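To keep things clear, I will list the structure first and then write my remarks on it.
A quick note: this is a predicted structure, and the numbers were derived from the prediction, not measured. Just so it is clear, the values below take in all heavy atoms, side chains as well, and ignore hydrogens, waters and symmetry mates.
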Amino acid sequence: MFTLQKKCGNARRGELTTVHGTVQTPAFMNVATCGAIKGGLSAFDLKEIGTQVMLCNTYHLHLRPTDAVVKQLGGLHKMTKWDSVILTDSGGFQVFSLAKLRNIKEEGVYFNSHISGAKIFMGPEQSMQIQSNLGSTIAMAFDECVANPSEYSYTKESAQRTTRWLVRCIDEMKRLNSLDDTINKEQMLFGINQGGIYNDLRIEHMKEIAEFDLPGYAIGGLAVGEPAEKMYEIIEDVEPFAPQNKPRYLMGVGTPVNILEGVYRGVDLFDCVMPSRNARHGHLFTWDGIININNKKYELDESPIDKSCDCPTCKNFSRAYIHHLIKADEMLGMRLAVRHNLHFYNELMQKIRDSLDDGTFESFYNKYKDILCNRI
RNA sequence: GGGAGAGUUCCCGAGUGGCCAAAGGGGGCAGACUGUAAAUCUGUUGGCAGUGCCUUCGGUGGUUCGAAUCCACCCUCUCCCA
């Protein structure tokens, strides 16, 4: 259940209540594709850095360790020791990113496993079954994230198929939630808006899926190569047709500024691999802008990554040490960097929520939309 | 003391007359990364300088139109026999 508490222009402050706890929105979900944050963070680390939602992936967990194993282990919550909200992505993004290994049909998608090469089939029902076995709090509808650029006619056809798939997801989830041995019988299903870069298709599709009165709606298929301005424009065009009393989730986005711009336009939830992946590569976010800790200038820099940050990394370790660790390919370097970046994202969301609460979002937005892009 | 082999750009290492400022790797420097096939990928790595010049393949001299490559001597290192 979602409660919209306050609006500031189009920006929204809300609360999403689930069986695994309440999520204060706007929120950034931390990506743990295979059940762990890459870079070596556990559920305990996530608690320490203020994470509200962990995001795992259906396709990856289906291949390894398999959803059957996860179910036997009691579900993702029990397996990972993360007792708060888990959102599972449906595998729809892998339909896009594993383009060379798949074949899309009406019934679903035929993949070749990127691990073993084995043939696998995933359709809406399979995706729902896997997500049910994983026992996540929120399941995502099985969709197709079309590549950019894609032809208008193909994008339209794909969006219509995604709607037909959504109907099948809804039916299958209803069935699964009523079974006796289902781990989370309160599993929620979010629909996903598609339509590529064609605003009319986006609007048409959002209107269609809004009809189903789902507990949440995502905007998918963005930040796949189109200019950021185009992404913002699509959010603005689609937002009026997304139900006001339901959370809106902008999938796979993005940079701190993308998130700020998204909140500004009415988005409540985000997720992105950027803070963790970039951290592993030495690209760190600070309140003064972005630094590349690999750069020689940090070799003797004894200050923390961000002097105003109170994450466990910044409270204890210097830029010089992290610089050394990452250059030396030490696991600890990646771990410290990932912990900082995710903390930064979580803190960004906290500051956004605070500014919405006390009515200063507009000035927060104006202050940080440029600073966060700085390269320092 | 005798014999065999080796010394290449920051390092390892290819190259045995011109297409060589010199493969490849490492390291260095920088960049990319947006529902994670990503602890990955890309660029660059002698100096000047607008496709040209200069310096460089242990040292010195030589052969040649032309040498990292051939010859002589020297220096250093490794291995084998005494």
When both hydrogen-bonding distances must be under 3.5 Å and the geometry is Watson-Crick or G-U wobble, what is [N] paired with, if anything?
N: B:A4; result: B:U78
N: B:A68; result: none
N: B:U40; result: B:A32
N: B:U55; result: none

Separation of the [atom1] atoms in [N] and [M], to the nearest angstrom:
N: B:U69; M: B:U8; atom1: C1'; result: 11 Å
N: B:G59; M: B:A68; atom1: C1'; result: 14 Å
N: B:G28; M: B:A22; atom1: P; result: 24 Å
N: B:U51; M: B:U34; atom1: C1'; result: 40 Å
N: B:A21; M: B:G3; atom1: C1'; result: 38 Å
N: B:G66; M: B:U16; atom1: C1'; result: 16 Å
N: B:U55; M: B:A67; atom1: C1'; result: 16 Å
N: B:U56; M: B:C48; atom1: C1'; result: 15 Å

>> Tell me every residue that passes ring-ring contact (aromatic ring centres under 6.0 Å, His included) with A:Tyr298, counting only those two or more places apart in sequence or in another chain.
In response: none
>> List the residues meeting ring-ring contact (aromatic ring centres under 6.0 Å, His included) with A:His281, not counting sequence neighbours, and say none if there are none.
In response: none
>> Tell me the interatomic distance from A:Asn294, atom CG, to B:U40, atom C1', rounded to whole angstroms.
In response: 13 Å
>> In whole Å, I'd like the distance from the CD1 atom of A:Ile291 to the P atom of B:A32.
In response: 14 Å
>> Please verify the inter-ring angle class for A:Tyr59 with A:Phe111; under 30° counts as parallel, over 60° as perpendicular, anything in between as tilted.
In response: tilted
> Would you call the rings of A:His77 and A:His20 parallel, tilted or perpendicular if under 30° counts as parallel and over 60° as perpendicular?
Replying inline: parallel
> Is it true that A:His340 and A:Phe317 have ring centroids separated by less than 6.0 Å?
Replying inline: no
> What is the per-nucleotide protein-contact pattern of nucleotides 33-39 of chain B, from the 5' end, where B denotes a base atom under 4.0 Å from a protein heavy atom, S denotes such proximity for sugar-phosphate atoms only, and - denotes neither?
Replying inline: BBBBBBB
> Base, sugar-phosphate, or nothing: which does A:Arg335 touch, judged by heavy atoms less than 4.0 Å apart?
Replying inline: nothing
> Stepwise, does the side chain to side chain donor-acceptor pair (under 3.5 Å) test hold for A:Gln24 with A:Gln52?
Replying inline: CA-CA 8 Å; A:Gln24 301 299 329; A:Gln52 298 192 83; 5.6 Å; no
>> Looking at A:Glu236, I'd like to know if its CD atom is crowded, meaning that more than 12 non-hydrogen atoms belonging to other residues, nucleotides or ligands lie closer than 6.0 Å.
In response: yes
